[in-house]
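Encoded as structure tokens, the structure appears first; notes follow it.
Values below: every heavy atom of this structure, side chains too, minus hydrogens, waters and symmetry copies. This structure is a prediction, so every number in the text was calculated from the model and none was measured.
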Amino acid sequence: MVTIADGGRPLAVGESVETVIVHDSDIRDIVSTLFSAGAEAIAVSGERVVFGTSIYCVGSTVVIGEERISPPLEIAAIGDSSALLNALKQDPELERLRRRAQDGSVSLTWHEAEEI
């Protein structure tokens with residue numbers, strides 16, 4: 001389980017709000033990393049994601065398939081939990097997102113779930 005939400009840090013002078021919100025690219029990067037790590041199935045806030053599922057932003061919401069979803073978003077993945085968690089922690093594709101989480105631009109957490 002991965003949870004991603006807009007950041008809670010205050011904006012710097014002249015900084016755009018775009019720097020502290022979840023973007024479609026963030027979701028696509030997480031989903032891509034999880035599939036690459038062997039995820040058998042993925043859902044974003046209850047919406048199943050398969051090859052070709054569209055993920056894009058409309059204002060402050062993310063559209064998954066045809067559903068508008070506002071952060072926080074929960075990404076559930078079924079697969080080898082060790083491989084999936086390791087990919088989230090170490091995959092170079094997520095380095096920018098992990099840095100954004102460290103500076104408070106987004107909130108990003110993950111944990112192993114007993115059942116999905």
Side-chain angles (χ1 to χ4, degrees):
M1 294 294 298
V2 179
T3 303
I4 186 167
D6 296 338
R9 71 170 174 78
L11 293 175
V13 174
E15 184 178 23
S16 168
V17 71
E18 293 289 316
T19 61
V20 294
I21 62 172
V22 174
H23 295 279
D24 51 353
S25 59
D26 300 329
I27 306 306
R28 283 193 304 268
D29 288 349
I30 293 169
V31 167
S32 176
T33 295
L34 292 170
F35 273 132
S36 293
E40 299 167 26
I42 297 175
V44 178
S45 293
E47 291 299 313
R48 179 78 186 265
V49 176
V50 297
F51 179 78
T53 299
S54 60
I55 300 173
Y56 60 95
C57 285
V58 175
S60 62
T61 62
V62 178
V63 178
I64 310 292
E66 295 182 14
E67 293 295 319
R68 282 182 178 227
I69 304 169
S70 296
L73 301 165
E74 286 195 337
I75 303 167
I78 296 173
D80 177 338
S81 59
S82 296
L84 298 177
L85 290 171
N86 188 47
L88 293 169
K89 293 175 185 176
Q90 297 181 4
D91 191 299
E93 283 294 314
L94 296 181
E95 180 59 33
R96 179 187 60 84
L97 184 57
R98 288 190 299 264
R99 279 196 318 268
R100 289 182 64 216
Q102 286 177 341
D103 77 8
S105 295
V106 294
S107 170
L108 179 66
T109 59
W110 52 73
H111 68 278
E112 184 176 352
E114 289 289 322
E115 242 180 62
I116 294 181

Rounded to the nearest 0.5 Å, what's the gap from [atom1] on [X] to [atom2] on [Y]? Could you check?
| X | Y | atom1 | atom2 | result |
| --- | --- | --- | --- | --- |
| Glu18 | Ser105 | CD | OG | 12.0 Å |
| Ser45 | Arg68 | OG | CZ | 15.0 Å |
| Ile30 | Ile42 | CD1 | CD1 | 10.0 Å |
| Ser25 | Ile55 | OG | CD1 | 10.5 Å |
| Arg28 | Tyr56 | CZ | OH | 11.5 Å |

For the residue pair [X] and [Y], establish whether any side-chain heavy-atom pair is separated by less than 4.5 Å.
| X | Y | value |
| --- | --- | --- |
| Asp26 | Leu73 | no |
| Gln90 | Glu95 | no |
| Leu97 | Ile4 | yes |
| Thr19 | Arg9 | yes |

Sequence neighbours excluded, which residues qualify as salt bridge (charged side-chain N to carboxylate O under 4.0 Å, His left out) partners of Asp80?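 Here no residue qualifies.
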Show me the pairs that pass salt bridge (charged side-chain N to carboxylate O under 4.0 Å, His left out) and involve residues 29-56, at least two apart or across chains.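 Non-adjacent pairs meeting salt bridge (charged side-chain N to carboxylate O under 4.0 Å, His left out): Asp29-Arg96.
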Flag for Glu93-Thr33: side-chain donor and acceptor within less than 3.5 Å: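 There is no such pair between these side chains.
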Quick one: which of Val44, Leu108, Leu85 gives a side-chain contact (heavy atoms from CB on, under 4.5 Å) with Val2?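 Exactly one candidate clears the test, Leu108.
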If the threshold is 4.0 Å, N to carboxylate O, is there a salt bridge linking Arg99 and Asp103?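 Answer for the salt bridge query: no.
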